[in-house]
Amino acid sequence: MPSAEPLLQRDADTLRFRGDLLVGAIAGLWTQAVASLDGVRRFDLADVGRVDSAGVALLAELAQRAGGVVVDGDPAGLSALRAAYRLTPALAYAA
């Protein structure tokens, strides 16, 4: 079971997220994530337990800044929020 404490790790062209991506954790992850974004092409969410709307907003903004990413993993809440905000599986806004 994934840890609730959010963590971020850069591994080659992948940002690996761990823990729950919830509103209370987003501000703490933002600076580290933006600083680690150059050259990222993949988000690994396999160890994320759940996301809320703030977590999806973080991921979508990072994906847009990265110029597009592949997303691995489907934590609780992601699919429903992606559909609600009309985001593609790569977290881009659908046309």
Side-chain angles (χ1 to χ4, degrees):
M1 170 179 271
S3 163
E5 182 179 339
L7 299 169
L8 175 68
Q9 178 185 12
R10 172 75 187 256
D11 183 12
D13 69 346
T14 301
L15 275 184
R16 296 185 195 289
F17 294 86
R18 290 187 172 87
D20 295 337
L21 299 181
L22 306 176
V23 68
I26 301 311
L29 289 177
W30 174 251
T31 303
Q32 182 186 2
V34 169
S36 302
L37 204 53
D38 189 37
V40 166
R41 295 290 164 244
R42 181 176 305 276
F43 290 172
D44 181 349
L45 306 179
D47 291 327
V48 173
R50 59 193 172 123
V51 298
D52 65 9
S53 59
V56 170
L58 168 79
L59 294 170
E61 179 63 20
L62 292 172
Q64 191 264 334
R65 288 182 180 217
V69 296
V70 173
V71 178
D72 294 328
D74 188 22
L78 180 61
S79 293
L81 288 167
R82 220 175 37 220
Y85 293 116
R86 290 184 264 166
L87 297 171
T88 68
L91 301 172
Y93 292 97

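As the structure is a prediction and not an experimental result, all values here were calculated from the model.
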Minimal heavy-atom distance between Leu87 and Ala60, with the atoms involved, is CD1-CB, 4.2 Å
To check you understand the geometry: which heavy-atom pair defines the closest contact between Pro75 and Val51, and what is its length? CG-CG1, 4.1 Å
Check the hydrophobic clustering (I, L, V, M, F, W, Y; side-chain heavy atoms under 4.5 Å; chains of links allowed) and say if Val23 and Val34 are grouped together. no
Atom pair CG/CG of Leu81 and Asp52 - distance to nearest 0.5 Å: 7.5 Å
Do you know the tightest heavy-atom contact between Pro6 and Ala25? CG-CB, 3.2 Å
Please check if the side chain of Thr14 supplies one atom and the backbone of Arg16 the other of a donor-acceptor pair under 3.5 Å. no
Does a sphere of radius 6.0 Å around CZ in Arg50 hold more than 12 heavy atoms from other residues, nucleotides or ligands, not counting ones at 6.0 Å or beyond? no
Heavy-atom pair of closest approach, residues Asp13 and Gly39: CB-O, 3.6 Å
Apply side-chain contact (heavy atoms from CB on, under 4.5 Å) to residues Arg41 and Val70 and explain how you reach the verdict. CA-CA 6 Å; Arg41 295 290 164 244; Val70 173; over 6 Å; no
Are the side chains of Asp47 and Phe17 in contact, using a 4.5 Å heavy-atom criterion? no
Quick one, Trp30 and Glu61 - any side-chain contact, counting heavy atoms below 4.5 Å? yes
Under 3.5 Å donor-acceptor, Arg10 side chain and Ala12 backbone: yes
So how far is it from Leu15 CG to Ser36 OG, rounded to the nearest 0.5 Å? 6.0 Å
For Asp11, is the CG atom crowded, meaning more than 12 foreign heavy atoms sit under 6.0 Å from it? yes
Residue pair Phe43 / Ala63: nearest heavy atoms and the distance that separates them: CZ-N, 3.7 Å
Could you pull out all residues at least two apart from Arg42 that satisfy salt bridge (charged side-chain N to carboxylate O under 4.0 Å, His left out)? Asp72
To the nearest 0.5 Å, what is the distance between CG (Leu22) and OG (Ser53)? 9.5 Å
Which atom pair, heavy atoms only, marks the closest approach of Leu78 to Gly73? CD2-O, 4.0 Å
Sub-4.5 Å side-chain heavy-atom contact between Leu59 and Leu45: yes
